[in-house]
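Heads up: the structure comes next, in structure tokens.
Since we're looking at a predicted model, the values are computed, not measured.
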Amino acid sequence: RDYSKAIDYFTQSYEKGIRYCASIIAQIYFDKNNKELYNIEKGIEWLKKGVKSNSTDAMLMLSSLYLISENDSVFKSYRNPNKGIELLEKAASHGSGKAYYRLADEYYSGLNVSKDDHQYYEYNKKAYELGDASGANNLGAAYANGTGCEKNVHKAIDIWEKAVKLGCGYAAINLYRCYRYGRDGLPKNF
């Protein structure tokens, strides 16, 4: 492995317009196992370059650092919830289902924004429409529990079935539990 050479090639690709390479370079700099190149500042610098060039991948990655837990020992000094939410909103405006899913989680937890069940529902709905498996699973959960919307277990099951097709294992577990134990008038169905 030659990470320095990889950085050179990814830099050339980035300069030719392959914007997501900024995120790959940042990951190389964030790798603690690579003692020669480990450099948080350089990694963040590359993510900021990626954000400036409208790389959704860089927006998602940098937002994670800004939304990091106050207890994180490595990245805690970079915590900036307002910037993190702003980047997620920007990535969502670019059509990122993952960004919508992560925004939904923020509104569900209420850690970095005010808790808002309706926003949780709306953002997961948008993530689902964009084909994000995790957003689809959470949309099913919103319907199953009536979180931000009217409770509808049958709609939840339909959405969880689609989430499974999108690759979400948690949706399969949710379906299993519905059929195994029954739920809200839904009979058990082994």
Side-chain angles (χ1 to χ4, degrees), residues 19-20 22-23 26 44 47-48 50-72 74-178 183-186:
R19 300 175 315 201
Y20 70 84
S23 298
I44 289 174
L47 290 178
K48 287 179 178 180
V51 168
K52 280 184 182 175
S53 70
N54 280 322
S55 165
T56 304
D57 294 316
M59 291 174 203
L60 291 170
M61 201 169 172
L62 189 55
S63 72
S64 292
L65 296 179
Y66 288 148
L67 296 170
I68 203 83
S69 165
E70 293 172 343
N71 300 325
D72 184 277
V74 178
F75 293 103
K76 144 171 126 173
S77 64
Y78 299 99
R79 181 171 162 69
N80 188 331
N82 290 335
K83 281 186 178 180
I85 296 298
E86 183 182 303
L87 282 174
L88 285 179
E89 289 171 344
K90 187 173 181 180
S93 74
H94 288 197
S96 169
K98 183 179 272 191
Y100 279 109
Y101 157 72
R102 290 191 33 217
L103 278 166
D105 271 359
E106 290 295 326
Y107 281 99
Y108 183 77
S109 72
L111 293 175
N112 296 304
V113 293
S114 297
K115 185 170 174 51
D116 185 329
D117 288 345
H118 183 69
Q119 282 293 84
Y120 167 76
Y121 165 77
E122 288 295 331
Y123 281 138
N124 277 314
K125 183 177 176 189
K126 190 67 177 170
Y128 167 69
E129 290 167 357
L130 291 168
D132 183 79
S134 297
N137 178 58
N138 283 358
L139 181 62
Y143 279 114
N145 299 314
T147 307
C149 61
E150 190 173 321
K151 189 173 187 172
N152 185 332
V153 176
H154 295 289
K155 200 165 198 168
I157 287 171
D158 286 344
I159 291 170
W160 280 332
E161 286 174 350
K162 291 174 183 162
V164 168
K165 289 177 183 171
L166 291 170
C168 184
Y170 289 115
I173 292 168
N174 287 330
L175 286 168
Y176 164 78
R177 289 179 178 148
C178 280
R183 181 178 184 139
D184 301 315
L186 190 70

Check the pair Asp72 / Val74 against side chain to side chain contact (heavy atoms under 4.5 Å, CB included), numbers first and verdict last. CA-CA 6 Å; Asp72 184 277; Val74 178; 3.8 Å; yes
Test your reading of the model: is there a side-chain donor-acceptor pair from Ser23 to the backbone of Ala58, 3.5 Å cut-off? yes
Any chance the side chains of Asn82 and Asn112 put a donor and an acceptor closer than 3.5 Å? no
If only side-chain N and O atoms count, and only distance matters, is there a donor-acceptor pair under 3.5 Å linking Tyr121 with Tyr143? yes
N/O donor-acceptor pair under 3.5 Å between Trp160 side chain and Asn137 backbone: yes
Got more than 12 heavy atoms from elsewhere within 6.0 Å of NZ, Lys52? no
Stepwise, does the side chain to side chain contact (heavy atoms under 4.5 Å, CB included) test hold for Asp132 with Leu166? CA-CA 7 Å; Asp132 183 79; Leu166 291 170; over 6 Å; no
Test of ring centre spacing under 6.0 Å for Tyr101 and Tyr123: no
Decide if atom NE2 of His94 counts as having more than 12 heavy atoms of other residues, nucleotides or ligands within a radius under 6.0 Å. yes
Check step by step if side chain to side chain contact (heavy atoms under 4.5 Å, CB included) holds for Arg79 and Glu70. CA-CA 7 Å; Arg79 181 171 162 69; Glu70 293 172 343; 3.1 Å; yes
Checking Thr147, Asn124, Asp116 against Tyr108 for side-chain contact (heavy atoms from CB on, under 4.5 Å), the one that qualifies is Thr147
Looking just at side-chain N and O atoms, do Ser64 and Arg102 make a donor-acceptor pair shorter than 3.5 Å? yes
Would you say that more than 12 heavy atoms from the other residues, nucleotides or ligands in this model lie under 6.0 Å from the CZ of Phe75, or not? yes
Test side chain to side chain contact (heavy atoms under 4.5 Å, CB included) on Met59 and Asn54 and set out the steps. CA-CA 8 Å; Met59 291 174 203; Asn54 280 322; 3.8 Å; yes
